[in-house]
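The structure appears right after this line, and notes come after that.
When reading the values below, keep in mind they use all heavy atoms of this one structure, side chains included, and skip hydrogens, waters and symmetry mates. Atoms within a ligand are numbered from 1 in the order they appear, just like the ligands themselves.
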Amino acid sequence: MDYGYFDDAKREYVITNPKTPVKWINYIGTLAFGGFVDHTGGALICRQDPALNRITKYISQMPACDFKGETLYLRIKQPNGYKVFSPYFVPTLDPYTLYECHVGLGYLRIVSEFYGIRTDAVIFVPTGESCVIRDIRITNVSDTPMQVDAIPVVEYTHPDALKQLTNADWIPQTMVSRARRAADGTVILAQYPFMLRDIRVNYFTSNQPVSSFDSDRKNFLGENEYGTWASPRGLQQDELGNRQALRGDNIAALMHHLGALQPGETQRLITQLGQAKSIDKALPRITHFREARSVENAFDELARFWQHYLGALQVETPDANMNRMLNIHNSRQCHTTKNWSRYLSLYQLGYGSARGIGFRDSAQDVMGVLAHMPEEAQALLRQLLCVQRRNGSAYHQFNPLTMIASEGDSVEREDLPHYYSDDHLWIILAVCAYLKETGDLAFLDEVIPYYEKDKREQPLESGTVLDHLQRAIDFTRNDVGAHGLPLLGFADWNDTVNLRVGAESLFTANLYGKAVLEMIDLSRHLGDEASAEKYLAYYDEMRQRVNHCAWDGEWYVRYFDFDGTPLGSHTNDSGQIYINGQSWPVISGFATPERARQALNSLRERLNTKNGIKISMPGFDGFDPRRGGITTYPPGAKENGGIFLHTNPWVMIAETLLGNGDRAFEYYDQINPAAKNDRIDEYECEPYVYPQNILGDEHPQFGLARNSWLSGTASWTYQAGTQYILGLRATFDGLTIDPCIPRWWDGFRATRRFRGAVYEITVSNPNHVSKGVRTVRVDGKEIAGNVAPVFGDDAAHRVEVVMG
Ligand code: NOJ
């Protein structure tokens, strides 16, 4: 069944069937103020923190047909009452003659027709503002006049989102709403928990006179809540109850009589849902956004933001699905993961103050936006460095509002260490990538505190960024087990393999290797040969250990258990081979050429499927506390033999490092969500973003995707596609052009913004090779090598590359 199509010219995906297999969403605003809106208009909005300052009550586990957070009702006066319906389809589920949900860049636009009324609603957060705008045009497309009312409704949550669900005594006693009516008939409904009355209020208002309102859910739904969201009793009365909620479940519902709409006539209703210190403080912005012109300007500004953001790189390859992901949707998803880490989605629910921004997750996410928003990337790097410990390791996550860090799920196991062996190493990759992108070496000298604090909450110690990186390396170098390999800690990148104290991780060994390579490169660039030599020695030391003990015959093992038993070995019953065990020795450069090829071939033979490469096989079949979280899943799900997509781009990268562009692209294409658009009934998730996982072939629902949007897949597939397949890599000295493409490609074009200049790149592949650059001409002149120099002159430069 078809659920929609890509409109590349408008940079949208258009959903044409509201009954998608699972809810599909789009993000609006940022973590500063924003959230997501689902394809039937439900909205989860927060300010700065979904756990501690959530605004709307969106309970994603409720059935898709239920009201969630916000909707709009329209009603048409009829001789015997009112025909009430929602132009967003949910929650009234009326038959529609047109439904389109345009998933755009930072906005959602729902266009629908029901009973001769066409509604066109654009939902977005103006850049830098703390309010959601719904700019709604309501048109009579029938040939008879209709008396139409519009009633937008929001349901609030207590800002402490978890308490809203766990405490039905305190919460309802505190929730209060107040109405403020102006002389022009407009109404602002303010809402707050009592204790925040004087410092922080939510508000809901519109640009049209309001004849009545309600802020008490019980009153609005009617009949002691035996009235429903699908048919609120309050909407069968001419007017709403004008209740200013003194407690209970607070909503904001505003009655607008739009009058008799003549055939072809349009009325425009603009609603605002915002948060401010007080209504008085918010009034100037409220007044501003009541003007249609201001809303249009704000929408244009949003479009300019995205034009600039995406302008960092645009490509033209022979593959339409690759183009649409790299130019629009994947690049945009990187912006989303950079903003929300793994904090708030339909699957990552943003509850509990100990949740928040993941250290390893965000360090990887940041690498997907460096060219697009370097200042914001730098700010996030700084935050991450603040939660590094003095010993060089890092806390696993932190709350963005309080900056309080925590050890994540590792604290659930008292018998295991409370650190993850990989977290701190990612920051080296991220900082070095930032330096190569921007050339901002001064960042290395910036002094940033380590996390530990004294009784007055003052940092016990600070160090330069370079010092932070060095300590990260030193932590791992000194935290090794019986084979001299890094100890696993609670887990490495794979959260769910939790082995007893003393277990070692080959993943962390390879990530360390890659991080050390970055330090060698950086030291050389800084002219610090002594450090380069030191890191080279570190590198060789770990390379030898890995090759000495971790080759299983046809592939690399993945872990050594506390007693030295290899995991990810042909000698195991379950989990014989792991994907990261093979891709990472290639990325680290530890694998010899022969082993590298064989490891990737073994991976292909045992782990590849038409829906992507599995994380491991065979799956564990039964809970085993000695292996940990992996065994909580049935075989084929998530980390237990599922297609855990984050790992797939690492294989693409590894294949390009070995020069196999056909395979790299095959792996790229087989997980491209845009290529799944005609298989949605099997796949189920949004075809415009990467999900975290797809069920593997050991699972009866092979091919079913879940956990869309907030996944490291976004950043890494973007990096694999742009930096390794297309081969456009920022280096300290310039922009390297080192493609590894399918042999059948004739070439491709790209426009890349880099250090203040624009590189217009044409790559031609006359001899149909995968890899290898024969000549590079920059502005017409042939250069030695394949690194286009830094210009920083605000000008455009032509780069013509011939492969062969
Ligand atoms: C999802 C987590 O957010 C990420 O940090 C982790 O690496 C993967 N799961 C794999 O376990």
Arg627 and Tyr559 side chains, donor-acceptor separation under 3.5 Å | no
Electrostatic pair Lys638:Asp495 at N-O distance under 4.0 angstrom = no
Closest non-hydrogen protein atom to atom 7 (O) of ligand 1, residue and atom name please, with distance?
-> Trp493 O, 2.6 Å
Which protein non-hydrogen atom lies closest to atom 1 (C) of ligand 1, naming both residue and atom, and how far is it?
-> Gln692 NE2, 3.6 Å
For atom 11 (O) of ligand 1, grab the closest protein heavy atom and report residue, atom and distance to one decimal in Å.
-> Glu639 OE2, 2.5 Å
Check whether more than 12 heavy atoms from other residues, nucleotides or ligands sit under 6.0 Å from atom CG of Asp573, and answer yes or no.
-> no
If we number the atoms of ligand 1 from 1 as shown, the ones under 4.0 Å from a heavy atom of Asp495 are 1 (C), 2 (C), 4 (C), 5 (O), 6 (C), 8 (C), 9 (N), 11 (O)
Salt bridge (Lys or Arg N to Asp or Glu O under 4.0 Å) contacts in which one or both residues fall within residues 474-484, not counting sequence neighbours | Arg477-Glu541
Please identify which atoms of ligand 1 are closer than 4.0 Å to at least one heavy atom of Arg360.
-> 4 (C), 5 (O), 6 (C), 7 (O)
Ring centers of Phe398, Tyr451 separated by less than 6.0 Å | no
Atom pairs and distances, donor-acceptor, side-chain atoms in residues 481-491, under 3.5 Å, two or more places apart:
{"unit_1": "His483", "atom_1": "ND1", "unit_2": "Glu504", "atom_2": "OE1", "d": "2.6"}

Nearest to atom 4 (C) of ligand 1, what protein heavy atom do you find, and at what distance?
-> Asp361 OD1, 3.2 Å
Close approach of Asn494 to ligand 1, heavy atoms, under 4.0 angstrom | yes
